[in-house]
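What follows is a set of notes on a single structure, which appears directly below.
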Amino acid sequence: MGKTAASHLRKWEGAAPALKSAMKRWWQLLLGLWTVMPPIWAGDELLNVCMNTKHHKREPGPEDKLYEECIPWQDNACCTASTSWEAHLDASLLYTFSLLHCGVMMPGCEKHFLQAICFYECSPNLGPWIQKMDSSGPGERILDAPLCQEDCEQWWEDCRTSYTCKSNWHGDWNRSGGKNRCPARAICHPFPHYFPTPADLCEKIWNHSFKASPEPRNSGQCLQKWFEPAQGNPNVAVARRFASMAPSWERSYTLMAFSLLLSFLSQKALLLPPTFLCSLSYGSAGPQQSSFLGPSLNGAAPAGGLEGH
């Protein structure tokens, strides 16, 4: 290390106590912001929203003519009356998908699917679980929305004697006849063959749109795919609970900017000219390559849920 570098190093060492004290105050301020900011931004943008899909409304609102299993959402719905009616057809016009790909489905089993479709299309309380289908496109889906334990168990129990030929209904169907048919060599079996447990049914059937929660109904920690309209929508409180735990992009960006400013001020406080940095990096042997190359950001958007049939 040359005389100039050594001189700068002595200056830096002399300033270290004051710098340490200043940095401590800056980080205390940053931690204080983490404490203060959540009540301002925490999750409000995730409440009372509709997904950006072909059949969803842009904003939730009253729909007094919703059909059958979609009626619970008539006070505040993301679906229209026509969407609710189309959801109940044997070969749904929403997804060109038939529940009868392995013959007649038992009425009790079919009812659960109609409720699940209405829940997906009509609920304005799915914000905390909405994900973009593709980062370059407008489509969205839900991922791992926690269904209450009873919802999964009763769905599985009522479908035990109905038949299907696939565990993931999202894709890979034979659509040569204009609607979904079982793929080649896919054999129709009772539901428990493809879904050994209630959790398997809830989580696999629509590509992890839903997640089986161990929590019971009315616990405030899980979603009900159907509810009695007269008793009010229990999912409002659940969405608010999960939204309050979700990171806010606005808050994250603000804190990131503050952290970068803190880093800049830290370097400024060092008062180190470029010649000193160069002398440490290059020394007498020339430039050295950094050993940290950073992570590779190859995050893939999740595959679609119900909308992807």
Side-chain angles (χ1 to χ4, degrees), residues 51 53-56 69-70 79 86-123 126 129-131 133 139-175 179-183 185-215 217 222-226 235 301-309:
M51 275 180 279
T53 74
K54 180 179 179 180
H55 303 293
H56 284 80
E69 301 302 333
C70 297
C79 61
E86 291 171 2
H88 288 74
L89 299 178
D90 287 343
S92 173
L93 298 178
L94 300 181
Y95 323 116
T96 61
F97 187 87
S98 174
L99 297 173
L100 313 181
H101 50 270
C102 278
V104 176
M105 179 176 282
M106 298 302 293
C109 180
E110 182 179 15
K111 185 175 182 178
H112 284 282
F113 281 97
L114 297 178
Q115 291 175 351
I117 293 171
C118 286
F119 172 59
Y120 180 86
E121 294 292 341
C122 301
S123 176
L126 296 173
W129 303 278
I130 293 177
Q131 302 278 331
M133 297 251 308
E140 294 179 335
R141 64 163 296 189
I142 55 171
L143 181 68
D144 290 337
L147 289 190
C148 294
Q149 184 178 32
E150 298 95 325
D151 287 61
C152 291
E153 290 179 347
Q154 197 60 53
W155 191 355
W156 184 81
E157 186 64 35
D158 290 343
C159 288
R160 286 175 60 88
T161 57
S162 293
Y163 285 70
T164 187
C165 58
K166 279 167 52 64
S167 60
N168 186 344
W169 286 13
H170 168 63
D172 298 326
W173 293 94
N174 175 4
R175 292 188 172 272
K179 63 179 182 179
N180 58 299
R181 300 178 186 275
C182 293
R185 295 183 295 278
I187 301 174
C188 290
H189 289 290
F191 266 59
H193 176 87
Y194 291 100
F195 309 107
T197 68
D200 289 324
L201 174 60
C202 273
E203 296 176 0
K204 293 179 180 179
I205 197 160
W206 278 317
N207 202 29
H208 297 281
S209 289
F210 303 136
K211 181 178 181 180
S213 171
E215 303 297 335
R217 290 176 183 170
C222 60
L223 299 165
Q224 295 179 208
K225 65 178 174 59
W226 197 87
N235 297 329
L306 296 184
E307 295 287 343
H309 284 320

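For reference, positions follow the sequence shown, starting with 1. Note that the coordinates shown come from a computational prediction; the quantities given were computed from them, not determined experimentally.
The side-chain heavy atoms of Tyr194 and Lys204, taken from C-beta on, include no pair separated by under 4.5 Å. Annotation: side chain of Phe119 is in contact with side chain of Phe210 (closest heavy-atom distance under 4.5 Å). Between Leu99 and Phe97, some side-chain heavy-atom pair lies under the 4.5 Å cut-off. Put simply, the side chain of Ile117 reaches to within 4.5 Å of the side chain of Trp206, judged on heavy atoms. Looking at Met106 and Phe191, their side chains never come closer than 4.5 Å, going by heavy atoms from C-beta outward. The side-chain heavy atoms of Trp226 and Cys118, taken from C-beta on, include no pair separated by under 4.5 Å. Side-chain contact between Cys79 and Tyr120: absent, with no pair of heavy atoms (C-beta onward) separated by less than 4.5 Å. Here the side chains of Asn174 and Cys182 are not in contact, with every heavy-atom distance at 4.5 Å or above.
Proximity of a side-chain donor or acceptor of Asp158 to a complementary backbone N or O of Cys109 within less than 3.5 Å is not detected. Proximity of a side-chain donor or acceptor of Asn207 to a complementary backbone N or O of His170 within less than 3.5 Å is not detected.
Pairing of Cys202 with Cys152 by a disulfide is supported, the SG atoms lying closer than 2.5 Å. Cys102 has its SG atom within less than 2.5 Å of the SG atom of Cys188.
At least one cation-pi condition fails for Lys211 and Trp129: the charged atom is not both under 6.0 angstrom from the six-membered ring centre and inside a 45 degree cone around its axis.
Partners of Gln224 by side chain to side chain donor-acceptor pair (under 3.5 Å), not counting sequence neighbours: none found. Applying the ring-ring contact (aromatic ring centres under 6.0 Å, His included) rule to Trp156 yields no partners; only residues at least two apart in sequence or on another chain are considered.
The salt bridge (Lys or Arg N to Asp or Glu O under 4.0 Å) contacts involving residues 99-113 comprise nothing, where partners must be two or more places apart or lie in separate chains.
Taking all atoms of both residues into account, the shortest heavy-atom contact from Arg217 to Glu150 is N-OE1, 3.0 Å.
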Phe195 vs Trp155, ring-ring contact (aromatic ring centres under 6.0 Å, His included): CA-CA, chis, key distance, verdict: CA-CA 11 Å; Phe195 309 107; Trp155 191 355; 8.9 Å; no
